[in-house]
Amino acid sequence: LWCSALAFFGLFVAFPLRNYCIIERKLPFPSGTATATVIRTLHADPSHVRLSLQLLGLFALITFCWSMFLWCFSGLGSFPIFGMTAAKYGWKMDWDISQFAIGMLLAPNINLSTLAGAFIGMGVLQPWIKSNHFCEGGLQGPSDPSCWYYSDAPKYMDLKAYTMFPGIAMIVVDGLYSITKLVVVLIKGFMKPKAKSTHDTSYRAGEVNGHDLQEALDRIFNSASFPWWTYASSYVVAVAFCVLMVSSQFGVAWYQVLIATLLTPIFSVGIIIGMGLTDWDCSGSFGKLMLFPFGAWNHGGSLIPPLAVCMITISGCGAAAHLMQDFKTGYLVGASPSAMVIAQLIGAAAGCIISPSVFHLFTSAYTLPNDDPSQSIHGVFGAIYRVLAAITTTKGLSALPKYCQTFTVGFGVFAFGLNLGADVSRTKLPMLARCMPSSMGLALGLLIGPYLGLDFCIGNLLQMLWRHKAPQQEAKYGVVVASGCLAGAGIATLMQVFLSLAGVVAPIKVSFQAAEG
């Protein structure tokens with residue numbers, strides 16, 4: 001019942017936004033693009049498909065072998081490339097080739113913005129706060145105003161809060177800004193009469209090229225035009241079912257569930273854009289954010305309402321982002337939007353059975369959560385969310401460390417300024433617009449840490465070197481190579497999961513420490 005109450009939010013949020021995200025903004029969605037590349041490679045012209053398949057298989061094999069090598073030497077993926085002091089703030093290299101590949105698929109602006117966000121958060125902000133405003137737990141009290149957070153602070157209520165919540169604020173503001181722009185576009189679209197297209201919406205590989213192919217894909221993607229009331233009424237039905245199930249089964253007030261479901265589409269816009277630009281799903285961060293207002297709302301009461309609202313946000317936003325990724329794949333291969341919608345409905349319904357079954361499998365094989373180092377699966381996030389819910393239910397927003405709310409508001413205003421500046425400069429000063437950092441990239445750097453920006457930039461650098469040496473070859477096979485790397489990493493991840501379920505652990509553990517003297 002819990003899964004069925006949350007299963008269909010994503011589709012009814014993603015479908016009306018598909019044109020804005022994929023055609024209007026042309027968000028890259030790296031994993032969706034890679035999947036489409038693999039599919040098109042398998043169905044390409046025989047004269048071109050052989051070399052593409054060879055490259056796809058070669059780089060998939062290389063990435064798979066490298067990923068398994070890193071798994072065998074556990075800890076090698078936390079290489080302190082800038083020294084042990086910097087490593088304490090996350091400045092490590094994980095040598096993840098799949099992240100290099102994503103950097104090849106993203107624009108340099110996004111890659112550099114992600115690294116810049118990590119530098120602001122983990123290179124400047126965190127070290128400065130820890131050096132000047134960290135105190136031991138026994139010193140709590142109003143006597144020392146220089147103490148902002150303490151050694152006994154719970155996870156995410158410590159130093160991490162000063163980068164996580166400002167990063168969330170930037171994504172929220174970016175999403176609200178995008179919603180405003182989307183509303184303006186919709187109003188303009190309603191005011192302009194639409195001319196009926198006389199073009200054939202069918203598409204067969206090899207018939208169109210270049211600009212003609214782009215137009216053909218746009219026509220196919222827009223061929224399924226449902227009335228707005230169709231998905232609006234469908235979302236209302238999904239909301240009503242969710243309110244009924246969650247309020248009756250878990251004792252959550254119906255109006256709290258209703259508010260959570262109404263906030264989910266707003267947050268989804270920012271999550272979808274974030275995944276489209278960087279391939280990362282930040283819905284978990286938004287779930288933590290929802291714990292604070294709903295925890296304060298249920299002050300002194302049960303932990304279930306804020307936890308339920310948290311999961312509604314994570315499930316709805318995450319599903320919408322991943323479904324938009326699938327729409328990107330369908331768009332690039334010229335798939336029928338109607339068929340995609342039906343397939344996604346079937347997949348969501350199947351997930352209501354598969355997800356509980358998998359959860360039962362894991363809970364039968366493991367005691368979750370656990371702190372046993374011999375166990376390959378620990379399930380710690382459930383415990384973390386419960387602790388956060390307990391804190392927010394008793395303290396509310398005051399649970400945040402000192403001045404964290406100030407930093408959060410400041411970074412939110414900063415994100416609004418970046419978005420507004422980018423739009424203004426795009427029309428007035430196009431050269432300046434190319435140099436404007438991406439607020440979504442900066443936010444991701446604050447949330448995830450330095451290793452992601454480092455990986456992205458290394459991948460982008462390798463792509464630029466390849467493009468400089470052989471521009472035609474890079475243009476023809478760059479996405480194929482990146483897709484192979486992503487496929488190899490995915491296969492390696494599955495292999496590691498199977499090994500973990502079988503009780504197999506890494507044979508060698510690698511650790512680093514500063515040299516003596």
Side-chain angles (χ1 to χ4, degrees), residues 10 13-14 17 20-21 25 27-30 102 106-107 109-122 125 156 160-182 260 262-293 309-310 312-322 324-325 400 404-423 436-450 452-453 456:
V13 172
L17 294 173
Y20 171 74
C21 293
R25 290 200 58 164
L27 297 175
F29 287 100
I102 292 177
L106 297 176
N109 176 270
I110 300 298
N111 297 327
L112 292 173
S113 296
T114 304
L115 185 58
F119 177 76
I120 293 171
M122 290 74 177
L125 195 58
Y156 299 114
K160 177 66 176 175
Y162 290 99
T163 54
M164 185 180 75
F165 289 102
I168 294 173
M170 294 188 74
I171 295 178
V172 171
V173 171
D174 190 278
L176 292 174
Y177 190 88
S178 298
I179 289 174
T180 304
K181 291 176 61 176
L182 176 60
L262 295 179
L263 288 175
T264 296
I266 298 175
F267 289 154
S268 294
V269 176
I271 304 265
I272 290 171
I273 294 173
M275 177 171 278
L277 291 174
T278 64
D279 211 47
W280 275 82
D281 180 4
C282 299
S283 56
S285 299
F286 279 76
K288 299 182 188 75
L289 176 67
M290 293 292 281
L291 285 173
F292 283 87
V309 168
C310 170
I312 289 172
T313 303
I314 293 176
S315 300
C317 294
H322 286 282
M324 193 65 76
Q325 188 101 264
L400 291 171
C404 183
Q405 296 182 46
T406 304
F407 281 101
T408 301
V409 174
F411 275 89
V413 173
F414 178 54
F416 176 78
L418 284 177
N419 280 285
L420 185 61
D423 283 342
M436 292 286 290
S438 165
S439 60
M440 194 63 70
L442 291 171
L444 194 70
L446 288 168
L447 287 171
I448 306 299
L452 187 67
F456 283 179

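The shortest distance between side-chain heavy atoms of Met275 and Gln325 falls below 4.5 Å. In this structure, the side chains of Pro437 and Leu112 stay at 4.5 Å or more apart for every pair of heavy atoms.
For the atom pair OG of Ser438 and CG of Asn111, the computed distance is 10.5 Å after rounding to the nearest 0.5 Å. For the atom pair Tyr162 OH and Thr406 OG1, the distance stands at 9.5 Å (nearest 0.5 Å). Expressed to the nearest 0.5 Å, how far CD1 of Ile168 lies from CG of Leu446 amounts to 10.5 Å. Taken to the nearest 0.5 Å, the CG atom of Leu27 stands 9.0 Å off from the CE atom of Met440.
Side-chain contact annotation: Ser439 with Asp174, donor-acceptor N/O pair under 3.5 Å present.
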Side chain to side chain contact (heavy atoms under 4.5 Å, CB included) assessment of Leu442 paired with Phe414: CA-CA 11 Å; Leu442 291 171; Phe414 178 54; 3.8 Å; yes
In sequence, state the C-alpha distance, the side-chain angles, and the governing distance for Ile110 and Thr114, and then conclude on side chain to side chain contact (heavy atoms under 4.5 Å, CB included). CA-CA 6 Å; Ile110 300 298; Thr114 304; 4.2 Å; yes
Can you list the steps and then say if Leu452 with Leu115 is a side chain to side chain contact (heavy atoms under 4.5 Å, CB included)? CA-CA 7 Å; Leu452 187 67; Leu115 185 58; over 6 Å; no
Would Tyr177 and Phe416 count as a side chain to side chain contact (heavy atoms under 4.5 Å, CB included) here? Give the steps. CA-CA 7 Å; Tyr177 190 88; Phe416 176 78; 3.9 Å; yes
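A donor-acceptor contact shorter than 3.5 Å is absent between the side chain of Ser113 and the backbone of Gly441. Looking only at distances, a side-chain donor or acceptor of Lys160 sits under 3.5 Å from a matching main-chain atom of Leu447.
Of all heavy-atom pairs between Ala260 and Val309, the closest is CB-CG1, 3.7 Å. Of all heavy-atom pairs spanning Gly276 and Pro30, the tightest one is O-CD, 3.8 Å. The two residues Leu291 and Cys310 make their nearest non-hydrogen contact at CD2-CB, 3.8 Å. What you find for Asn419 and Ala415 is that their closest heavy atoms are ND2-O, 2.8 Å. The heavy-atom pair separating Gly167 from Ala443 by the smallest distance is O-CB, 3.5 Å.
When each of Val269, Leu263, Thr264 is paired with Phe267, the side chain to side chain contact (heavy atoms under 4.5 Å, CB included) condition holds for Leu263 and for no other.
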